[in-house]
Amino acid sequence: MNTEKRVRVRFAPSPTGGLHLGGVRTVLYNYLYAKKHGGDFILRIEDTDQTRFVPGAEEYIFDCLKWCGLNPDESVRNEGPYGPYRQSERKEKYRLYAEELIAEGHAYYAFDTPEELDEMRRKYKNDENPQPQYDNKVRMRMKNSLTLSGEDVHELIRSNTPYVIRIKMPENETVSFNDMIRGEVSFNTSLVDDKVLLKADGMPTYHLAVVVDDHLMKISHAFRGEEWLPSAPVHILLWKYLFGLDKMPHWAHFPLILGPNGKLSKRDGLKYGFPVFAMNWTDSKTGELTEGFKEKGFLPEAFINLLALLGWNDGTEQEVFSIDELIEKFSMGRVHSAGAKFDYEKAKWFNHEWIKKLDAGSLKERVVEVLEAKNVKVQDEKLLLKVIELVKDRCTLLTDFYEQSAYFFKTPENIDLSPIQPKWNDKKNLFFIELLRNFELENSWEAHQLENSFKEIASVNDLKPGEVMLPLRIMLVGGKFGPHVFDIAALLGKAETIQRVKATLKVLEGA
RNA sequence: GCCGCGUUGGUCAAGGGGUUAAGACGCAUCCCUUUCACGGAUGAAUCACGGGUUCGAUUCCCGUACGCGGUACCA
C-alpha cells in the first residue's frame, strides 16, 4: 500500500436530498484527517443514478459544508487537476475500465432483462435463500457473455440490446484488507454476488466509479460509512485487477450513527423531535420541510464538536474541542468500531457549552438573526453585546435568545401576572409608587445603586425585598425568568424602566 | 436465510489480565441564588451469557444470544 503519498481524501455524496448527521460526520473525519496530515479534502459528486436526480441538492451540500466550515480543497466549484468532479461528467472514463476487466476475464456482459432477473429471483427464492443473488451459483444459467457464444454476444451488442457489465467474482477465494479502524477484515468471494459495474445506460455503478475515481484522483485514504463494508471485497478486487493492490488507498469504515431503532433516519427526527439534517431541506416533490441543526439553533462549532465525539474521543476527559483542537488531536485509531446512538440531550449540552464559551462579539450576528426573524429590531449594538453577555448562560439553543433577550429591545406584549396578582395588596402598591418616585430622582442609574435604594424603600415600607422583587421582575420582563432584576433595569434605562413599572402597576390597580 | 461488523450504567464513553471499573449527558437530592439559569456537592445506575487460557478475567480465545449493516442496472 502507498504509505508515503500525499494525503488526499474525499467525501462522495450523491445529491439526492438532505445531508444527514452521519454524512456530516464522514465529511468531518475526512476533513480532520486531511488537515492533520497537510493533505487535500476533495468533494466528488456521485450522481451516476440519473433517476434520482434532485434539483438543488448539490448546492445544498455546498451550503451545509460552508455552514460547518468544512470547505473542500477541490470540488466542482473549485476544480483541481483531477476533474471533472461530478461523476456524470466523467461517464466516458468508466467504460474503458469495464471493458478492460472483460478482456482479462474478470467481468462479463449480461443481457438479462429486469423481468428475467425477477424471474431468477423468484425461481431460486426459498426459506434458505430468501434473497437470491446473481452470483457464481446462477451466472451460468443466465443470459450473459459467459453462457452465450462470442457470435451471439456480438450480435446482441450490434443490435443495441441493452446490457450491463458485471464483475465475475472468483470462487472460494479469501479477500482481506486492513481497515484502519477494525483491523483485518476478510470475505469469502463465493458469497459475494456479481455486482453490476456498468449500467445499461452507460453509467457506472458506485462500485466501479469509486475505484476508478479514487485512482484517477489519487486518493490516498478512502473513508466511508460502515454500510459499505459488505461491498468492500468488490472494491478490493477491482483495485487488484485494474490498478494493483499496492496503489490502493487505505480504508476506514466509520461506525454508523444510530437512532432509537437502527440507522438514524429522517423519520426518527420527525418522530422524536430533533433534527437529523445539517440544514433545512425541503423535498421538491412533496414540499415537505425537514428541519436542520442550523435552523434549530445550533452553532456550527457545537455541531462539529458533537459529531466529532460521536464515535471518537482523544482518550482524555476533554469533550469540548474547537476545530483546530480536533485537527490537532484526531486520530483514526481512536475512532470506535461500534455504532453510536445519537443522544439529542447531549447534543444540546454541547451547544450550550459553546454558547457559554463564545464571547458576545462572536455570538452577535447570529443572535441578531434570531431576533430579527422574530421581528425584534436591534439598533444599539453596545446594548446588544451587554445583553448577550448577561443572558447567554441561560440559552441552550440560539433560538433561546429570543425569549431571553427580546424584552430588552421591546416592551413585553404579555405580562404574566399570575405569580404576583394573588398576593398583591395596597402595601405593595404603595411601595411601587414610592419606588417610582425614587426612580424619577435617580441620577446614576446603576445596578448596585438601584438595588440599594430598592431595599431601603422596602424596609421603610415594612416589606421584605423578596416580596417585591418578583413583582418588579415581572413588570420589566413579563415573566419569572432572566438575570438579576437590577442588571435588567440598569440596561433598560431609566425611562423605559419607569414606563414598564407604571404600565403594569396600572393593570394591577385596575384589577 | 446467508455474509459482515459490533456488544462497558438509559445515552456518549475511559480502561484493557490484578482498579473502589474514570469522566460526560440525562435523572435525583442538597448548597448557592428572594426569578430562571450558571456554578458547586452528593447520589442511583454498567463490563450480554456460557465455556476455556491463566494464580487471576470486564480485558485474551471459542461458542451462544442479542443489535446493527449488507444482500438493487441506489448510493
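Chain identifiers are assigned alphabetically (A, B, ...) following the order of the sequence lines, protein sequences preceding nucleic acid strands; residue numbering begins at 1 within each chain.
Straight-line distance from the CG atom of A/Leu191 to the P atom of B/G4: 7 Å, rounded to whole Å. In this structure, the NZ atom of A/Lys341 is 10 Å from the P atom of B/U8, given to the nearest Å. When the P atom of B/G69 is taken as reference, atom CD1 of A/Ile181 falls 18 Å away, rounded to whole Å. Between the CG atom of A/Leu197 and the C1' atom of B/C74 there is a distance of 15 Å, given to the nearest Å. Residue A/Tyr407 contributes atom OH, which lies 14 Å from atom P of B/C36 at whole-angstrom precision. Counting to the nearest Å, the C1' atom of B/U33 and the CZ atom of A/Phe481 are 18 Å from each other. Between the P atom of B/C3 and the CD atom of A/Glu128 lies a distance of 11 Å, rounded to the nearest Å. Between A/Met142 atom CE and B/C73 atom C1' there is a gap of 13 Å when expressed in whole angstrom units.
In this view, A/Glu173 satisfies the salt bridge (Lys or Arg N to Asp or Glu O under 4.0 Å) rule with no residue, not counting sequence neighbours. The side chain to side chain contact (heavy atoms under 4.5 Å, CB included) check on A/Ser405 picks up A/Leu371, A/Val387, A/Val391, A/Phe401, A/Phe408, A/Phe409, with sequence neighbours excluded. Partners of A/Glu115 according to the side-chain hydrogen bond (donor to acceptor under 3.5 Å, both in side chains) rule, which considers only residues two or more places apart in sequence or in another chain, are A/Thr113. A/Asp49 meets the side chain to side chain contact (heavy atoms under 4.5 Å, CB included) test with A/Thr51, A/Arg52, A/Lys199; sequence neighbours excluded. For A/Lys374, there are no salt bridge (Lys or Arg N to Asp or Glu O under 4.0 Å) partners two or more places apart in sequence or in a different chain. For the side chain to side chain contact (heavy atoms under 4.5 Å, CB included) test, residues two or more places apart in sequence or in another chain that qualify with A/Ala490 are A/Ala447. Partners of A/Arg25 under the side-chain hydrogen bond (donor to acceptor under 3.5 Å, both in side chains) rule, at least two apart in sequence or in another chain, do not exist in this structure. A/Glu116 is linked by a salt bridge (Lys or Arg N to Asp or Glu O under 4.0 Å) to A/Lys143, counting only residues two or more places apart in sequence or in another chain.
Using a cut-off of 4.0 Å between Lys/Arg side-chain N and Asp/Glu carboxylate O, A/Glu119 and A/Arg122 are scored as not salt-bridged.
Side-chain proximity of A/Ala338 to B/U34, B/U7, B/C73: nearest is B/U7. Among B/C38, B/A13, B/C74, the nucleotide with an atom closest to any side-chain atom of A/Ala340 is B/A13. Side-chain proximity of A/Asn129 to the nucleotides B/C74, B/G1, B/G69 is greatest for B/G1. The A/Lys356 side chain lies nearest to B/G39 when the options are B/G6, B/G39, B/G4. Listed nucleotides: B/C73, B/C74, B/A14. Nearest to the side chain of A/Arg52: B/C74. Comparing B/C73, B/U35, B/G1 by their closest approach to the side chain of A/Lys199 singles out B/C73. Side-chain proximity of A/Leu258 to the nucleotides B/U35, B/C74, B/C68 is greatest for B/C68. Here the side chain of A/Val164 is nearest to one of B/A75, B/A14, B/C73, namely B/C73. Comparing B/A14, B/G6, B/G69 against the side chain of A/Arg182 picks out B/G6 as the nearest.
With both ends at atom P, the span from B/C5 to B/G18 equals 27 Å, rounded to whole Å. Look at the C1' atom in both B/A24 and B/G15: the space between them is 16 Å, to the nearest Å. If you take atom P in B/U54 and the same atom in B/C68, they sit 38 Å apart, rounded to whole Å. For the P atom pair drawn from B/A44 and B/A21, the interatomic distance equals 14 Å after rounding to whole Å. A gap of 35 Å separates the P atoms of B/C30 and B/A48, to the nearest Å. Rounded to whole Å, the separation between the P atoms of B/U33 and B/G43 comes to 23 Å. Straight-line distance between the C1' atoms of B/C49 and B/U58: roughly 13 Å, to the nearest whole Å. Across B/A57 and B/G40, the matching P atoms stand 40 Å from one another, rounded to whole Å.
Along RNA chain B, the nucleotide closest to A/Ser186 and the one closest to A/His484 are compared, and the more 5′ of them pairs with A/Ser186. In terms of position on RNA chain B, the residue among A/His336 and A/Val485 whose nearest nucleotide sits closer to the 5' end is A/His336.
Under 4.0 angstrom from either OP1 or OP2 of B/A75 there lies no side-chain N or O belonging to A/His207. The side chain of A/Arg473 places no N or O atom within less than 4.0 Å of a non-bridging phosphate oxygen (OP1 or OP2) of B/U33. Under 4.0 angstrom from either OP1 or OP2 of B/A14 there lies at least one side-chain N or O belonging to A/Asn313.
Of the N and O atoms on the side chains of A/Thr174 and A/Ser176, not one donor lies less than 3.5 Å from an acceptor on the other residue.
Its glycosidic angle being within 90° of 0, B/C38 falls on the syn side.
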Restricting both atoms to N or O, compile the protein contacts to nucleotides 23-28 of chain B shorter than 3.5 Å, with distance only.
{"unit_1": "B/G23", "atom_1": "O4'", "unit_2": "A/Glu317", "atom_2": "OE2", "d": "3.4"}
{"unit_1": "B/A24", "atom_1": "O4'", "unit_2": "A/Glu319", "atom_2": "OE1", "d": "3.0"}
{"unit_1": "B/A24", "atom_1": "O2'", "unit_2": "A/Glu319", "atom_2": "OE1", "d": "2.5"}
{"unit_1": "B/A24", "atom_1": "O2'", "unit_2": "A/Lys346", "atom_2": "NZ", "d": "2.9"}
{"unit_1": "B/A24", "atom_1": "N3", "unit_2": "A/Lys346", "atom_2": "NZ", "d": "3.1"}
{"unit_1": "B/C25", "atom_1": "OP1", "unit_2": "A/Trp349", "atom_2": "NE1", "d": "3.4"}
{"unit_1": "B/C25", "atom_1": "O2'", "unit_2": "A/Lys346", "atom_2": "N", "d": "3.3"}

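A cation-pi contact, defined as under 6.0 Å to the ring centre and within 45° of the axis, is absent between A/Arg139 and A/Tyr108.
Counting only residues at least two apart or in different chains, salt bridge (charged side-chain N to carboxylate O under 4.0 Å, His left out) contacts with residues 458-467 of chain A comprise A/Lys427-A/Asp462.
With the 3.5 Å cutoff on both pairing distances, Watson-Crick and G-U pairs in RNA chain B assemble into runs of at least 3 at B:1-7 with B:65-71, B:10-12 with B:23-25, B:27-31 with B:39-43, B:48-52 with B:60-64.
RNA chain B is contacted by A/Asp393, A/Arg394 of residues 386-403 of chain A, taking any non-hydrogen atom closer than 4.0 Å.
Using bins of under 30°, 30° to 60° and over 60° for the plane-to-plane angle, the ring pair A/Phe342/A/Tyr344 lands in the tilted bin.
Checking A/Ile304, A/Asn305, A/Leu398 one by one against A/Trp354, the side chain to side chain contact (heavy atoms under 4.5 Å, CB included) holds for a single residue, A/Asn305.
If you check distances only, the side chain of A/Glu226 never reaches the base of B/G70 with a donor-acceptor pair under 3.5 Å.
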